[in-house]
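Order of the sequence lines fixes the chain letters, A, B, ..., with proteins taken first and strands second; residue numbering starts at 1 for each chain.
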Amino acid sequence: MQRDFSFEIVSQPNPNYPLMRAGIIHTPHGDIKTPNFNLVGTHGHVKFISPDDMWTIHAQVMLSNGYHLFRRATVISATGGLAKWSGWNGPTFTDSGGFQVMSLGSGLGKVVSMDMVDANDESKLREPDERMALVDDEGVEFRDPYSARIIKFTPELSIETQHKIGADIMMSFDELTNISDTYDYNVRALERTRRWAERGLREHIRQTALRKDRPYQALYGVLQGGYYLDLRAKAARDISSMTVDGEGFDGFGLGGVLTKQDLPSILTTMCEILPNDKPRHLLGLSHPDDIFVGVETGSDTFDCVAPTREARHGRIYAMDGNFNLKRSEYKDDDNLLDKDCDCPTCQAGHTKAELRALLKSSDIADHAKAYNLLSTHNARFIIRLCEQIRQAIIDGYYDEYKQSFVKRYYR
RNA sequence: GCGUCUGUAGCUCAGUUGGUUAGAGCGCUGGAUUGUGGCUCCGGAGGUCGCAGGUUCGAAUCCUGUUAGACGCC
């Protein structure tokens with residue numbers, strides 16, 4: 001199979017972190033220098049951040065969602081794929097819709113619990129008859145109560161949809177378990193995810209053959225297993241060794257609801273088993289401490305809604321620690337969001353007082369302005385963090401960099 | 001001058017035939033937010049019910065007076 005997709009490692013091994021690396025992912029829409037944070041544009045655009053803004057803040061990747069774009073997949077395909085259709089002409093990822101198995105199913109209407117006090121507590125799960133996503137071995141039935149629309153998503157349909165959308169990198173359709181699911185349930189869900197991965201890989205090979213006129217789209221196999229290390233190791237062995245007609249996955253997605261406490265051991269367990277020469281994407285995490293753990297254990301790319309969502313809610317990232325811009329103490333504060341920031345918002349001189357007023361205004365146009373200025377700021381903060389981590393890995397001063405960052409940020 | 005209507009939280013208002021510590025939305029204020037059903041979610045402060053009397057076991061609610069505003073009529 002012809003692939004215009006590859007991964008190269010550009011750093012020397014670090015004895016303190018044997019799995020850590022900096023690299024380059026070569027895709028049909030350009031190179032991704034890793035570690036990198038992918039901006040999340042679920043519906044094909046990042047909320048309140050334009051493609052021009054993305055270039056300005058040195059974003060490298062947009063990650064969209066095959067489930068949310070399902071109805072528009074044919075149009076996107078006809079337009080020439082996600083990059084052209086969205087106006088963002090750089091590298092793109094699509095997620096499979098696997099996250100929605102949980103977020104619209106057992107976790108519907110709840111903030112994703114990452115607290116171990118909820119572990120194994122099935123009473124914390126949404127009742128099946130209240131869920132908008134019902135899972136079985138065949139796939140997932142998504143229901144929309146407003147339109148009465150029902151979509152039966154299967155691994156085959158997810159992959160076919162993602163091929164239509166045409167992102168450079170796709171994710172296999174997986175079942176994400178909730179922290180409240182039991183060990184036994186995780187065993188069953190993991191086996192289901194393994195079978196779905198195989199079915200998806202088979203469909204991927206079929207679709208690739210059907211679309212020879214298009215650039216090759218890479219497919220990452222996704223690893224699950226809850227917070228159980230034995231299941232995580234099994235997932236890593238199963239997915240990394242999986243082949244269909246001699247073809248395997250191009251990279252790996254590290255998925256699941258992962259607590260800060262368990263993150264290092266879970267990531268280490270998986271990445272020690274995964275082959276070193278393929279890229280790994282850590283799904284859904286972007287807080288700086290999580291990124292540090294991720295890169296130290298071998299993750300290359302990250303994505304998360306937190307920087308943009310938290311920006312819209314007034315949670316601002318800054319080198320000396322995050323803060324809530326809505327607090328009254330910033331009402332007359334003429335300082336920048338972060339005096340050391342190179343984002344367009346801080347470079348333009350917007351003050352905390354000014355941005356707070358926009359954010360708290362009753363005018364929807366002011367909101368939009370604030371959301372744009374604050375989202376680009378937070379996004380740039382995490383992107384810059386990844387850029388600096390990459391440079392530190394390559395130039396051999398990672399420990400010093402991390403120490404200085406953490407000392408200020410988590411003071 | 002007379003008549004009618006209206007005065008309840010910073011704002012807009014609910015308050016059932018009088019019945020425990022008078023509610024809501026917005027605003028204010030604090031927190032949450034991790035592969036985006038989110039201008040979302042959770043919490044807190046804030047009122048001697050225009051004022052003064054009266055009836056009653058008990059009044060935001062009924063009666064009288066008074067005051068402020070709106071409207072109408074001479």
Quiz item: A:Leu108 near the nucleic acid: base, sugar-phosphate alone, or nothing, with a heavy-atom cut-off under 4.0 Å?
Solution: base
Exercise. Please say whether more than 12 non-hydrogen atoms of neighbouring residues, nucleotides or ligands are located less than 6.0 Å from CD in A:Glu354.
Key: yes
Quiz item: How is A:Glu329 classified with respect to the nucleic acid when contacts are heavy atoms under 4.0 Å: base, sugar-phosphate, or nothing?
Solution: nothing
Exercise. Give a yes or no on whether the ring-centroid distance for A:His377 and A:His350 is below 6.0 angstrom.
Key: no
Quiz item: A:His68 near the nucleic acid: base, sugar-phosphate alone, or nothing, with a heavy-atom cut-off under 4.0 Å?
Solution: sugar-phosphate
Quiz item: Contact class for A:Arg356 vs. all strands (heavy atom < 4.0 Å): base, sugar-phosphate, or nothing?
Solution: sugar-phosphate
Quiz item: Using a cut-off of 4.0 Å on non-hydrogen atoms, how would the nucleic acid contact of A:Asp303 be classed: base, sugar-phosphate, or nothing?
Solution: sugar-phosphate
Quiz item: Which one, B:G35, B:U29, B:G38, comes nearest to the side chain of A:Lys360?
Solution: B:U29
Quiz item: According to a strict under-4.0 Å criterion, is A:Arg309 in side-chain N/O contact with OP1 or OP2 of B:U40?
Solution: no
Self-check item: Any A:Asn324 side-chain N or O less than 4.0 Å from OP1/OP2 of B:G31
Solution: yes
Exercise. Return the nucleotide paired to B:U20: Watson-Crick means purine N1 to pyrimidine N3 with N6-O4 or O6-N4, wobble means G-U with N1-O2 and O6-N3, both under 3.5 Å.
Key: none
Quiz item: For B:G69, what is the paired nucleotide under Watson-Crick or G-U wobble rules, both distances under 3.5 Å?
Solution: B:C5
Quiz item: From the list B:U36, B:G31, B:G35, which nucleotide is the closest neighbour of the side chain of A:Ser96?
Solution: B:G35
Self-check item: Centroid-centroid distance, A:Phe249 to A:Tyr220, less than 6.0 Å
Solution: no
Quiz prompt | Donor-acceptor pair under 3.5 Å, A:Glu310 side chain vs B:G31 base | solution = no
Practice problem: Indicate, with a heavy-atom threshold strictly under 4.0 Å, whether A:Ser286 touches base, sugar-phosphate, or nothing. | Solution: base
Quiz item: Within less than 4.0 Å of OP1 or OP2 of B:G30, is there a side-chain N or O belonging to A:Ser328?
Solution: yes
Practice problem: Take A:Asp366 and A:Lys369 through the salt bridge (charged side-chain N to carboxylate O under 4.0 Å, His left out) test and state the conclusion after the steps. | Solution: CA-CA 5 Å; A:Asp366 288 345; A:Lys369 184 74 177 164; over 6 Å; no
Quiz item: The side chain of A:Thr308 lies closest to which of these nucleotides: B:U36, B:G35, B:G31?
Solution: B:U36
Quiz item: With a 4.0 Å cut-off on heavy atoms, is A:Gly97 in touch with a base, just the backbone sugar-phosphate, or nothing at all?
Solution: nothing
Practice problem: Mind telling me whether A:Phe70 and A:Phe153 have parallel, tilted or perpendicular rings, with 30° and 60° as the class edges? | Solution: perpendicular
Quiz prompt | Along RNA chain B (nearest heavy atom to each residue), the more 5'-positioned of A:Arg327 and A:Gly284 | solution = A:Arg327
Quiz item: Between B:G30, B:U36, B:G38, which one does the side chain of A:His313 approach most closely?
Solution: B:G38
Quiz prompt | Whole-Å C1' distance, B:U48 and B:C5 | solution = 26 Å
Quiz prompt | Spacing between A:Leu374 atom CG and B:U33 atom C1', to the nearest angstrom | solution = 15 Å
Quiz item: If the C1' atom of B:C26 is compared with that of B:G46, how far apart are they to the nearest Å?
Solution: 14 Å
Quiz item: From the list B:U40, B:U36, B:C39, which nucleotide is the closest neighbour of the side chain of A:His367?
Solution: B:C39
Quiz item: Nearest to the side chain of A:Ile364 - B:U36, B:U34, B:C39?
Solution: B:C39
Quiz item: Does the base of B:G35 carry an N or O that pairs as donor and acceptor with the side chain of A:Asn65 under 3.5 Å?
Solution: no
Self-check item: Backbone N/O of A:Tyr216 and side chain of A:Asp4: donor-acceptor pair under 3.5 Å
Solution: yes
Quiz item: When you compare B:U20 with B:A52, how far apart are their C1' atoms, in angstrom units rounded to a whole number?
Solution: 27 Å
Self-check item: Nucleotide paired to B:G46 in any strand shown, Watson-Crick or G-U, under 3.5 Å
Solution: none
Quiz item: Is there a Watson-Crick or G-U wobble partner for B:G53 with both distances under 3.5 Å, and if so, which one is it?
Solution: B:C63
Practice problem: Look at A:Arg312 and B:U40 and indicate whether a side-chain polar atom (N or O) is within less than 4.0 Å of OP1 or OP2. | Solution: no
Exercise. Select one nucleotide: of B:G35, B:U29, B:G38, the one nearest the side-chain heavy atoms of A:Lys47.
Key: B:G38
Quiz item: Considering only side-chain heavy atoms of A:Asp95, which listed nucleotide, B:G31, B:U34, B:U36, is closest?
Solution: B:U36
Quiz item: Between A:Arg206 and A:Glu203, is there a side-chain N and carboxylate O pair less than 4.0 Å apart?
Solution: yes
Quiz prompt | B:G10 pairs with, by Watson-Crick or G-U criteria that keep both distances under 3.5 Å | solution = B:C26
Quiz prompt | Partner nucleotide, any strand, of B:A32 [Watson-Crick/G-U, under 3.5 Å] | solution = B:U40
Exercise. Please work out if A:Leu176 contacts a base, only the sugar-phosphate, or nothing of the nucleic acid, heavy-atom cut-off 4.0 Å.
Key: base
